[in-house]
Amino acid sequence: MSLITFSFPTTTLFGAGSLKELPGRLTALGIRRPLVVTDKGLLGTAAWRALTDALGEVKRDHSWFVYSGVHPNPVENDVREAAAMLRGHGCDSVIALGGGSPLDAGKAARLLLKRPDFDFAKFREVPDWSGLVPFVAIPTTAGTGSEVGRSSVITLDATKRKAVLFHPELLAKLVILDPELTVGLPPKLTAATGADALTHCIESYTCPAFHPMCDGIALEGIRLIIESLPKAFQNGKDLEARGKMLVAAAMGAVAFQKDLGVVHSMAHPLSTICGMHHGLANALCLVAGMKFCAERKPGLYRRVGIACGLDVVKGSEAQADQRTIAFIEEFLGELGLNTKLREHGVKSEQINTLVAQAFEDPCHKTNAVPVTAEDFHGLYLSVL
Ligand SMILES: [Fe+2]
């Protein structure tokens, strides 16, 4: 057996109102001049006001600054601008507030602060990641789990493809999961981001690496999402459901240190080429990806079905898969996530480009079963 690293290192503060703990936690971390990284959509929201109220207490003795230029699916320039502000204001840390995009851009900006000559195109060649300024992550969506992840996904200028910067030094020193910050998320985004978390749990659990700790976390994440996502979708103010979704999203990202699969390889090009929201892209591809895997590896989804609350302990492998996949299809449908790609502007003439990028994407290399370019072609056609 090859050597495997199990790593669950992030300090996470959870609970309604937990953001109020921020000033004391910053002091304990020795943070005096943070740069807040976020996007324009967040400015003016209740989540933003909650953060500025909390930081207002810090301001008496210290200073804080704001970079709010992060795009959905962040690009190199977002990271460069944030790093320039870090440098220009002599900041000693990054606090990222928002969905996965501000969190990923904020994480990566610290690397550019340390290495101004950093070339995104050569991100695999960074010799030394040590000494990055501390990072505090405060998610306002329950989906990517980027707050507990050691990766940052940035779209490259040169190729328009997503580069996954990956290193344990990128991890946050502190994560604050405050469900009050997610109550303003509209139902559509609640559903799409939640579907991303569900896909993380399902793909990481079924990825064949030996990682029973992640497997347990992924299965419990599935159970929480099945229980809580419909409630958060129907009533955004349900703090218990919002809280469980925040934890489940973090669990999905902890679990996918194990790896992901074919669905994420399909979803990444749909964002870079077609501009589709990452969670929506996963949601529209998930059932097709599950059917593809189950046909080649019967019984793959039995324990996923059990986590969903289905009585699939007995019966054939094929029956367990079929019932589980049908349940997930219906579950997504009730969240309004049962549309086709063409309803979101994807054209049949884009399929070949999508296939080429999906095949190059690393996620499917760890899928439950091998995936060829021809397979991707069939998969995209089936959801077009
Ligand atoms: Fe994802």
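This structure is a prediction, so every number in the text was calculated from the model and none was measured. For ligands, and for the atoms within them, numbers begin at 1 and follow the listed sequence. The first residue in the sequence is number 1, and the count goes up from there.
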Looking at Tyr301, is Arg303 sitting on its ring face, NZ or CZ under 6.0 Å from the six-membered ring centre and within 45 degrees of the normal? no

Greater than 12 external heavy atoms within 6.0 Å of Glu374's CD: no

Any chance you could lay out the ring-ring contact (aromatic ring centres under 6.0 Å, His included) test for Phe120 and Phe118, step after step, and finish with the verdict? CA-CA 6 Å; Phe120 281 89; Phe118 176 69; 5.0 Å; yes

With a 4.0 Å cut-off on N to O distance, would you call Glu220 and Arg223 a salt bridge? yes

Sorted by chain and number, sequence neighbours left out, salt bridge (Lys or Arg N to Asp or Glu O under 4.0 Å) with Arg80 holds for Glu76, Asp157

Within the 2.8 Å cut-off the protein N, O or S neighbours of the Fe ion (ligand 1) are Asp196 OD1, His200 NE2, His264 NE2, His278 NE2

If you apply the rule ring-ring contact (aromatic ring centres under 6.0 Å, His included), what do you find for His268 with His278, and how did you get there? CA-CA 7 Å; His268 287 151; His278 174 68; 5.5 Å; yes

